[in-house]
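Each residue takes its place number in the sequence, starting with 1. These numbers come from the heavy atoms of this one structure, side chains and all, not from hydrogens, waters or symmetry mates.
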Amino acid sequence: MFYENPPTAGLPVRWRDWLPSKTSLTTKISQQLSLPPLQLTCSGTAALIICLTTLKHRYPNKTWVIIPAYTCPLVALAIHHCGLKIRLCDLAINSFDFDFEQLPDLLDKEVLAVLPTHLGGQVADIERVKMLAKPYQITVVEDAAQALGADVGEYGDIVFFSLAAGKGLTMFEGGLFTSNDLALNNQLRQTQAQIIPKRPYFEIKRIAELVGYTALYNPFGLHFVYGQSRRRLINRAKLVEAVGDDFDFSIPLHDVSQLRQNVAVHAADRLPDFFEQTQKQAMHRIELLKQLPNINVVTSSVKNRKSVWPFIMIQLPSQKIRDNILNELWVSPFGVSRLFIHDLPHYEYLKTIIPQESMPNALNFAQTMLTITNSLWLTDEQFKIIFDTIEKQVK
């Protein structure tokens, strides 16, 4: 049977989304999310590069950026691209948020920015980070690459999002960013104009990829363009490649065509309903998972903040139990996967830019966590197979 669930709940693109539109994508999303005027660029990574470049010009004597020890490797590559240095902060125990006992010891006047991550659409404690960073005039940049639609951007100085494939609203690749500070927002816009070239080749490539996404982002198409290659890589123990963590140090920077913006504008009309459906599904399935003993469903670290649910993250009691579950489910078409294979110090290709320090909580998080897709294509029957497999291992 040719069927594959994606690892994340992405909003499918329809062919009629390719029709012209007179509406601005940034205006539409700013209004939907009640955020200051957003700016559009070619990727979430490019958005971060624009933000860090702007801050580097603002504060030329500040050279360090603090990031969680478990986050997307692209964050580290963006910092390196900007000629800045990385300080790692461990995670809190059984959480994606910073270890707030360690974070204050990392802050000083040489720190340019601190980047808390809204991992998997769950909201990090930005207000607490901001309180700690303020005495040192450190900029708080909210990494909301996986959290478009969540309650983010209120307390940080800058927030950025990704519109990559499978991340809710998509243009195959794209990024949005903004600041509550009008002067800073203007500086971000100026930086973008200065450092983002036209480079039509890259944009033509993205248009072709978006055409492919439109045609093949469905359970049948994903079997061929995602599922088969993923299974081959897992069977060959190429796990970093299987989840797509094998990024290049060269980061493409280019303008985004109006054509791709039109696609996202039309798709955005369906976004509020999509968020409502995926939240309802996630809440129901999380309640079921919470009945299982000895597992931790990873959710927002702050109360009364809306999250989004591209996938559900669960922590198992041990790496052995997690791996036993993955041995049964990872090669299945049910959308069970891992997010990032390692904590940042354990990526071999990042060793020249990542401090080789022990981050025990981040390491444990990487070794015991798996993800379950929240795609609306994952049926209740398929979820029950996932549930039963986990139950068998944790009881």
The test is side-chain contact (heavy atoms from CB on, under 4.5 Å); show your working for E142 and V129 and say whether it passes. CA-CA 10 Å; E142 298 185 47; V129 175; over 6 Å; no

Could you check whether any side-chain heavy atom of W15 comes within less than 4.5 Å of a side-chain heavy atom of V211, counting everything from C-beta outward? yes

Are L370 and L329 packed together at the side-chain level, in the sense that at least one heavy-atom pair is separated by less than 4.5 angstrom? no

Examine distances only and state if a side-chain atom of N296 and a backbone atom of N94 form a donor-acceptor pair shorter than 3.5 Å. yes

For L11 and T170: C-alpha separation, side-chain torsions, deciding distance, then whether side-chain contact (heavy atoms from CB on, under 4.5 Å) applies. CA-CA 7 Å; L11 181 67; T170 188; over 6 Å; no

In Å, rounded to the nearest 0.5 Å, how long is the span from CD1 of I86 to CG of L350? 7.5 Å

Within-4.5 Å side-chain heavy-atom neighbours: T139 and Y59: yes

Describe, in one word, how the ring planes of F249 and Y349 are oriented to each other, choosing from parallel (under 30°), tilted (30 to 60°) and perpendicular (over 60°). perpendicular

Taking atom types as modelled, is there a side-chain donor on S257 or E203 under 3.5 Å from an acceptor on the other? yes

Return the CD1 to CD1 distance between I49 and I196, rounded to the nearest 0.5 Å. 7.5 Å

Any donor-acceptor N/O pair, S43 side chain to E173 backbone, under 3.5 Å: no

Linking I/L/V/M/F/W/Y whenever any side-chain heavy atoms sit under 4.5 Å apart, do V263 and F202 land together? no

In terms of ring plane angle, is the pair F172 and Y213 parallel, tilted or perpendicular, where the classes change at 30° and 60°? perpendicular

Chi angles and distances behind the side chain to side chain donor-acceptor pair (under 3.5 Å) call for S95, S301: CA-CA 8 Å; S95 172; S301 58; 5.5 Å; no

Would you call E4-R230 a salt bridge at under 4.0 Å N-O? yes

Can you find a heavy atom in the side chain of L106 that is under 4.5 Å from one in the side chain of V111? no

Is there a path from I207 to V256 through hydrophobic residues (I, L, V, M, F, W, Y) whose side chains come within less than 4.5 Å of each other? no

Would you check if the side chain of T373 reaches a backbone N or O of P6 as a donor-acceptor pair within less than 3.5 Å? yes

Between L77 and T45, is the side-chain contact (heavy atoms from CB on, under 4.5 Å) condition met? List the steps. CA-CA 9 Å; L77 294 175; T45 310; 5.8 Å; no

Any side-chain donor paired with an acceptor under 3.5 Å for Q277 and D273? yes

With no hydrogens and no angle check, is any side-chain donor or acceptor of Q382 less than 3.5 Å from a backbone partner on P333? no

Are side-chain heavy atoms of L40 and R260 found at a separation under 4.5 Å? no

I'd like to know whether L91 forms a side-chain contact (heavy atoms from CB on, under 4.5 Å) with D99, so could you lay out the CA-CA distance, the side-chain angles of the two residues, the decisive distance to 0.1 Å, and finally the verdict. CA-CA 5 Å; L91 305 186; D99 177 350; 5.9 Å; no

Do D181 and Q187 get their side chains close enough for a donor-acceptor pair, meaning under 3.5 Å? no

Under-4.0 Å salt bridge between K384 and D380: no

I67 with M369, same ILVMFWY side-chain cluster at under 4.5 Å: yes

Which distance, rounded to the nearest 0.5 Å, do you find between the NE2 of H118 and the CG of D97? 9.0 Å

Just by modelled atom types, is the V240 backbone N or O under 3.5 Å from a matching donor or acceptor in the D245 side chain? no

When you compare the side chain of V308 with that of L148, does any pair of heavy atoms fall below 4.5 Å? no

Do you know the tightest heavy-atom contact between P293 and K395? CG-CG, 4.1 Å

Shortest non-hydrogen contact from Y217 to T8? OH-O, 3.3 Å

Does Q356 reach the main-chain N or O of I354 with its side chain, forming a donor-acceptor pair under 3.5 Å? yes

Taking C-beta and beyond as the side chain, do F160 and V141 meet within less than 4.5 Å on heavy atoms? yes

E101 atom CD, over 12 foreign heavy atoms within 6.0 Å: no

For residues N218 and A215, report the shortest heavy-atom separation together with the two atoms involved. ND2-O, 3.0 Å

Please check: side-chain N/O of D90 versus main-chain N/O of N361, any donor-acceptor pairing under 3.5 Å? yes

Nearest heavy-atom approach of V298 to F96 is CG1-CD2, 3.7 Å

Quick one: does any side-chain atom of H266 pair with a main-chain N or O of P20 as donor and acceptor, under 3.5 Å? yes

Are Y70 and L103 linked, directly or through other ILVMFWY residues, by side chains that come within less than 4.5 angstrom of each other? no

Just say parallel, tilted or perpendicular for the rings of F98 and F100, cut-offs at 30° and 60°. perpendicular

Hey, what do you get for NZ (K392) to CZ (F387), rounding to the nearest 0.5 Å? 13.5 Å

Taking S179 for the side chain and D157 for the main chain, is one N or O donor matched with an acceptor at less than 3.5 Å? yes

Any W330 side-chain heavy atom under 4.5 Å of V243 side chain: yes

Answer yes or no: is there an ion pair linking E127 with R305, defined by an N-O contact shorter than 4.0 Å? no

With a 3.5 Å cut-off and no angle check, do the side chains of T368 and Q315 form a donor-acceptor pair? yes

Here the pair of heavy atoms bringing P68 nearest to T117 is CG-OG1, 3.5 Å

Heavy atoms from other residues, nucleotides or ligands near NZ of K238 exceed 12 (cutoff 6.0 Å): no

Residue pair N262 / Q258, side-chain donor-acceptor N/O under 3.5 Å: yes

Between OG on residue S162 and CG on residue L169, distance to nearest 0.5 Å: 10.0 Å

T53 versus T191, side-chain donor and acceptor atoms under 3.5 Å: no

When you compare the side chains of N235 and R232, does any donor N or O come within less than 3.5 Å of an acceptor on the partner? no

Can you confirm whether Q228 is buried at CD, in the sense that more than 12 heavy atoms of other residues, nucleotides or ligands lie under 6.0 Å from that atom? yes

Residues Y226 and N5: closest non-hydrogen pair is CE2-O, 4.1 Å

Under 3.5 Å donor-acceptor, K28 side chain and T23 backbone: no

Treat each ILVMFWY residue as a node, draw an edge where side-chain heavy atoms are under 4.5 Å apart, and state whether F334 and W377 are in one component. no

In this structure, CZ of R87 is separated from CD1 of I66 (nearest 0.5 Å) by 6.0 Å

